[in-house]
Amino acid sequence: MVKEKLVMIGNGMAGIRTIEEILERDDQRFEITIIGKEPYPNYNRIMLSNILQKKMTQTDIIMNDFDWYKEHDIYLVVDDPVIEVDKVQKQVMTRNGLTFDYDICIFATGSKAFTLPIPGATYPSVIGWRTLEDTEKMIEIASTKKQAIVIGGGLLGLECARGLLDQDMDVTVIHLADWLMEMQLDKRAATLLQNDLTAQGMKFKLNTSTEEIIGDTDVTGIRLDDGTRLKADLVVMAVGIRPYNEIARNCGLDVNKGIVVNDYLQTSNDSIYAIGECAEHNGIVYGLVAPLYEQGQVLADYLTNRETKGYQGSTTFTSLKVSGCDLYSAGHIKEDDETRGIEMYDSVNMYYKKVFLREGKLVGTVLYGDVTDGPRFFNMMKQNQSLDEYTLVSMLHKGDESESSNVATLGDESIICGCNGVSKGKIVTVIKEEGLTSVEEVTKLTKAGNSCGKCKPQINELLQHTLGDDFVASKPTGICACTDLTRNQIVMQIRAKSLKTSKEVRHVLQFKDKGGCPKCRPAINYYLNMIYPQDHEDEKASRFANERYHANIQNDGTFSVIPQMRGGVTDADQLIQLGTVAKKYNIPLVKVTGSQRIGLYGVKKELLPQVWDDLGMRSASAYGKKTRSVKSCVGQKFCRFGTQDTTKLAIRLERTFEYIDTPHKFKMGVSGCPRSCVESGVKDFGVIGVENGFQIYIGGNGGTEVTVGQYLTTVETEDEVVKLCGALMQYYRETGIYAERTAPWLERLGFERVKDIILNETQQNQLFQRIMEAKAVAQVEPWKQILNEEKEKAIFAVEEV
């Protein structure tokens, strides 16, 4: 059988989803060519805001990598836009001179950002945000400039503004209307949104427009219609999008706002179709992902001769990807002669709900603060459900649990994951075909739930409904059973809402157990310490018992007391003091530890304060999730194989980073030669002295599962070693999950990504500066006295030996 030639113009979300749907129905029917103007494979455009907001990377938003095209025998052309379509010859021509014949041509060209026709709009730092390249350019500008103006207070503009705040820019949003997101929100909801965003640091100029972008060769500011001038290094225009339809118009297709299509997405030419943001159906051009995916299903059915009723238009919904601001908007949200609204406002929790009714049917909703009813209302609108069984008051309540959460009643086309446009049908199909049993597995294969995470409870319900008796309840999707929020979501909410205590976090983020549990209490305390090193008062009650007692509990209920010996170095006075205390309290065991310290084992809890006071020594933090000991060999001063003064460097590392909290214990080792007597290769930060300097290894972990450290780089000086160690430790502090060792952390983030950041001079300096700020307020352990000057000099004099 000779395959029909299908050429798709555009490599975006709507087009590739259509191809996926076609392949699912008949993977042998077409010889497929896809032509894209960007140099990337298919990526998730709605996740660009997450890159700007530092939630995701470019790799994270790739939906179909280059290998996917090869696996499905798709010929992919990238970075080569189409410039002409010949309807008569049925050919498509690209800018680089390539020509492709087609039997069926599909326009999936998407849209482009609308740029205001005002003076200065063509300056280099004026961006119409639409692509990955635009996002990267904004991040680059933000690395050196600080004043940003976002023109447009709609969904896109606010997500962009939040991202620029996360890039440490000063951001002002200019908006023509009286309130933000006027197409999706009423005034009350918009006011709540503006208040939350203002608290995050965003500034606003409403009911005004930009008359001119000021500058000579690039942006220096803007002038508003009232004469006000604002400074600016970057101007982002988020005032709307326009369908990309020039090629279609030039080849003679019917074009209004978009390329005109019928219910089967067919244009005015029988062999050419259009889908997505470039298509106009019944006078409407859709810019949200869910309708575009619905169009893809219809077109795939039609092209593979499946029965279809055609595309009947879509009810759309909106949610904002800005941490700290939960909103949901769907359908018709304006009151008029035929439409009436019912609202509820909770001024304590700042929750707002409003539903819009017409002829006994729900036609729209606006939710702010608590958006859990969003899917329920949306489903009622999609099904055109009668409201006869509801009272006006009950409309704003969930009703019984089965009604609000039962996904069995949803149609296969219902979108479960709005962020990624993943439908119920898609999830159910994957569960059945791949034998999935957990939310994590569904997320991995479908991307549902991998951004905001709000749909994970529904995914769990789908698993239960689909698997029946074979269903096994999945583990909590959040950091513990108290919450479904992940580490990243909690950290983002702490920053966005300026939460300063563990109690605030648990209450504001609606933990199921407002008192927390042994798993989340220490984790939240750590995240608060990490985010607010200067301002957060460490919550001792949230720490593990070992940390509260400054000693490790043993299997018989007694404790081990391990004083600090930087680099494993001690002196006669310290040894005498240890012996005196051991005799005084009849310590059962005095032992050299695996970290080159001397420990006193078998100390009763009630004696701990007295033991520490009598020792007069610092704790070695052998019990905490923080900087642990730095093991060292004697190095070149004494060893004939040694190449560097490792003892001196080990003491310096320990002194520099002692008592700094980390997600898990952080161990270091400094070896004077490649024989690595202190096992530097299995340390979180390992140093091996060589003739030309120091080899650095990271991510090594001992324990039940040994992980060998990966080689990072070789440096010449001790200063460089210390700077690298600080940068690595701070990056681990800022991105690690509490109780996650560096080995799984490195695997999760990717070694190359960590390496690029740590070895980048600018980022390295910034990370080091931040860890020094944390060190300035690091808690020195109680129950000890600082060594007197003579004793300090005696110990540290070893550095000069």
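Quick caveat, the model's predicted, so the values are computed rather than measured. These values consider heavy atoms only, across backbone and side chains, with no hydrogens, waters or symmetry-generated copies.
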Kindly indicate, with the supporting measurements, whether the criterion side-chain contact (heavy atoms from CB on, under 4.5 Å) is fulfilled by Tyr40 and Asp79.
CA-CA 8 Å; Tyr40 318 102; Asp79 202 19; over 6 Å; no
Start with the C-alpha gap between Arg45 and Glu38, add the side-chain angles, then the distance that decides, and say whether salt bridge (Lys or Arg N to Asp or Glu O under 4.0 Å) holds.
CA-CA 12 Å; Arg45 199 177 301 276; Glu38 295 185 71; 3.3 Å; yes
In sequence, state the C-alpha distance, the side-chain angles, and the governing distance for Glu246 and Arg249, and then conclude on salt bridge (Lys or Arg N to Asp or Glu O under 4.0 Å).
CA-CA 5 Å; Glu246 286 81 354; Arg249 188 187 303 274; over 6 Å; no
Verdict with supporting geometry, Glu740 and Arg487, salt bridge (Lys or Arg N to Asp or Glu O under 4.0 Å):
CA-CA 11 Å; Glu740 177 184 43; Arg487 177 262 182 208; over 6 Å; no
Would you please test Glu24 and Lys426 for salt bridge (Lys or Arg N to Asp or Glu O under 4.0 Å) and show each step?
CA-CA 11 Å; Glu24 286 182 8; Lys426 176 70 172 179; 3.1 Å; yes
With side-chain hydrogen bond (donor to acceptor under 3.5 Å, both in side chains) as the test, would you mind laying out the steps for Thr109 and Asn245 before giving the verdict?
CA-CA 7 Å; Thr109 48; Asn245 53 34; over 6 Å; no
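In this structure a side-chain-to-backbone donor-acceptor pair under 3.5 Å is present from Glu441 to Thr437. No donor-acceptor pair under 3.5 Å is formed between the side chain of Ser125 and the backbone N or O of Leu234. For the pair Glu434 (side chain) and Ile431 (backbone), a donor-acceptor distance under 3.5 Å is absent. The closest donor-acceptor contact from the side chain of Asn250 to the backbone of Ile247 lies at 3.5 Å or more, if one exists at all. Between the Glu277 side chain and the Tyr286 main chain, no donor and acceptor come within less than 3.5 Å of each other. A donor-acceptor pair under 3.5 Å links the side-chain atoms of Gln167 to the main chain of Leu52, judged by distance alone. Of the possible polar contacts, none joining the Asn760 side chain to the Ile757 backbone as a donor-acceptor pair under 3.5 Å is found. The closest donor-acceptor contact from the side chain of Asp26 to the backbone of Gln28 lies under 3.5 Å. At distances below 3.5 Å, not a single donor-acceptor pair connects side-chain atoms of Thr308 with backbone N or O atoms of Asp301. In this structure, the side chain of Tyr311 does not engage the main chain of Leu299 through any donor-acceptor pair within 3.5 Å.
Between Met13 and Tyr43 the shortest side-chain heavy-atom distance does not fall below 4.5 Å. Contact annotation: the side chain of Ile34 never approaches that of Val77 to less than 4.5 Å [non-hydrogen atoms, C-beta and beyond]. Residues Phe30 and Leu303 are in side-chain contact: their nearest non-hydrogen atoms beyond the backbone lie under 4.5 Å apart. Under the 4.5 Å side-chain criterion, counting only non-hydrogen atoms from C-beta, Leu76 is in contact with Asn11. Under the 4.5 Å side-chain criterion, counting only non-hydrogen atoms from C-beta, Thr57 is not in contact with Ile51. Between Leu156 and Trp129 there is a side-chain heavy-atom pair separated by less than 4.5 Å. In this structure, the side chains of Ile272 and Cys105 come closer than 4.5 Å at one or more pairs of heavy atoms.
Across every non-hydrogen atom of Trp745 and Tyr731, the tightest pair is CZ2-CD2, 3.6 Å. Here the shortest heavy-atom pairing between Ser423 and Gln297 reads OG-NE2, 4.3 Å. Shown here for Val150 and Cys160, the closest heavy-atom pair between the two residues is CG2-SG, 4.2 Å. Considering all non-hydrogen atoms of both residues, Met8 and Ile16 come closest at SD-N, 4.3 Å. Between Ile275 and Ala14, the closest heavy-atom pair is CD1-O, 4.4 Å. Here the shortest heavy-atom pairing between Leu724 and Thr713 reads CD1-CG2, 3.7 Å.
With salt bridges taken as basic N to acidic carboxylate O contacts below 4.0 Å, none links Lys90 and Asp86.
For the atom pair Ile141 CD1 and Ile127 CD1, the distance stands at 4.0 Å (nearest 0.5 Å). We find the CD-CE distance between Gln91 and Met93 to be 6.0 Å, quoted to the nearest 0.5 Å. To the nearest 0.5 Å, atom CD of residue Glu4 and atom CD1 of residue Ile32 are 11.0 Å apart. Atom-to-atom distance recorded for Glu159:CD and Leu164:CG is 12.0 Å, nearest 0.5 angstrom. Here the CG atom belonging to Leu746 is positioned 9.5 Å from the OG1 atom belonging to Thr707, to the nearest 0.5 angstrom. In this structure, CZ on Phe100 lies 11.0 Å from CD1 on Ile9, to the nearest 0.5 angstrom.
Counting non-hydrogen atoms of other residues, nucleotides and ligands closer than 6.0 Å to NZ of Lys54 gives a total above 12. No more than 12 heavy atoms of other residues, nucleotides or ligands sit less than 6.0 Å from atom CD of Glu133. At most 12 heavy atoms of other shown residues, nucleotides or ligands fall within 6.0 angstrom of atom OH in Tyr75. Enclosure of atom CD in Gln58 by more than 12 non-hydrogen atoms of other residues, nucleotides or ligands within 6.0 angstrom is indicated. For Glu761, the CD atom is loosely surrounded, since the number of other residues' heavy atoms within 6.0 Å does not exceed 12.
Residues that satisfy the ring pair (Phe, Tyr, Trp, His ring centres under 6.0 Å) test with Phe378, not counting sequence neighbours, are Phe317.
Gln763 and Asp756 share no side-chain donor-acceptor pair at under 3.5 Å. Gln489 and Gln493 share no side-chain donor-acceptor pair at under 3.5 Å. Between the side chains of His664 and Asp684, no donor-acceptor pair is found at a separation under 3.5 Å.
In this structure, Lys37 forms a cation-pi arrangement with Tyr244, its terminal cationic atom sitting closer than 6.0 Å to the ring centre and no more than 45° off the ring axis.
A tilted orientation is assigned to the rings of Trp68 and His72, their planes being inclined by 30° to 60°.
Under the side-chain contact (heavy atoms from CB on, under 4.5 Å) test applied with Tyr273, the options Leu6, Thr18, Ile104 reduce to a single match, Ile104.
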